Amino acid sequence: MSHRKSKKNTNCVTNHVQSGSQNSEPEKVIDAMLIYGNINYLIKWKDVDTVVILKSEVVINKWPQVVIRYFERITVFIK
């Protein structure tokens with residue numbers, strides 16, 4: 001039964017993101033990947049146990065601070 005609930009939450013988050021709703025907030029970018037020559041981000045959502053792959057231009061335009069935190073987290077400085 002809980003499996004169905006999480007699947008419903010996944011669809012809900014995807015629909016919110018696609019429709020441009022402000023109800024879904026990303027918690028963090030988990031990873032960045034190149035798919036068919038385009039940068040995409042794997043996004044973990046707040047209060048939902050799911051992740052979604054979104055095009056970089058969507059994420060950068062809607063949630064730039066989330067992308068900035070991702071790059072701050074993965075950047076390694078060498079002395």
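Model, not experiment: these values are computed from the prediction. We number each residue from 1, following the sequence as shown.
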**Student:** For E27, give me all partners under salt bridge (Lys or Arg N to Asp or Glu O under 4.0 Å), at least two apart in sequence or on another chain.
**Tutor:** K44
**Student:** Side chains of Y41 and V58: does their closest heavy-atom pair fall under 4.5 Å?
**Tutor:** no
**Student:** Quick check: closest heavy atoms across S24 and W63, and the distance to 0.1 Å?
**Tutor:** O-CZ2, 4.0 Å
**Student:** Kindly indicate whether the side chain of W45, heavy atoms from C-beta on, has any atom under 4.5 Å from the side chain of V51.
**Tutor:**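 Contact flag for W45/V51 side chains = no.
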**Student:** Distance from Y70 atom OH to D31 atom CG, nearest 0.5 Å?
**Tutor:**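 Answer for the OH-CG pair, Y70 versus D31, is 4.5 Å.
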**Student:** Quick one: pull up OG in S56 and CG in N61 and give me the separation to the nearest 0.5 Å.
**Tutor:**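 The CG atom of N61 is 9.0 Å from OG of S56, to the nearest 0.5 Å.
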**Student:** The test is side chain to side chain contact (heavy atoms under 4.5 Å, CB included); show your working for V59 and I43 and say whether it passes.
**Tutor:** CA-CA 9 Å; V59 180; I43 305 291; 4.0 Å; yes
**Student:** With sequence neighbours left out, what residues match I68 under side-chain contact (heavy atoms from CB on, under 4.5 Å)?
**Tutor:**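 Listed in chain order: Q65, E72.
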**Student:** Measure the CG-CD1 distance between N40 and I35 for me, rounded to the nearest 0.5 Å.
**Tutor:** 4.0 Å
**Student:** Is the backbone N or O of V29 less than 3.5 Å from a side-chain atom of R73, with the two atoms forming a donor-acceptor pair by type?
**Tutor:**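 A pair under 3.5 Å: yes.
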**Student:** Identify which one of L54, V52, I30 satisfies the side-chain contact (heavy atoms from CB on, under 4.5 Å) criterion when paired with L42.
**Tutor:** I30
**Student:** Is the shortest side-chain heavy-atom distance between I53 and M33 below 4.5 Å?
**Tutor:**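 With C-beta onward as the side chain, the pair touches.
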**Student:** Can you name the residues that form a side-chain contact (heavy atoms from CB on, under 4.5 Å) with L34, not counting sequence neighbours?
**Tutor:**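 Expected list: I39.
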**Student:** Going only through I, L, V, M, F, W and Y residues with side-chain contacts under 4.5 Å, is there a path from I78 to F71?
**Tutor:** no
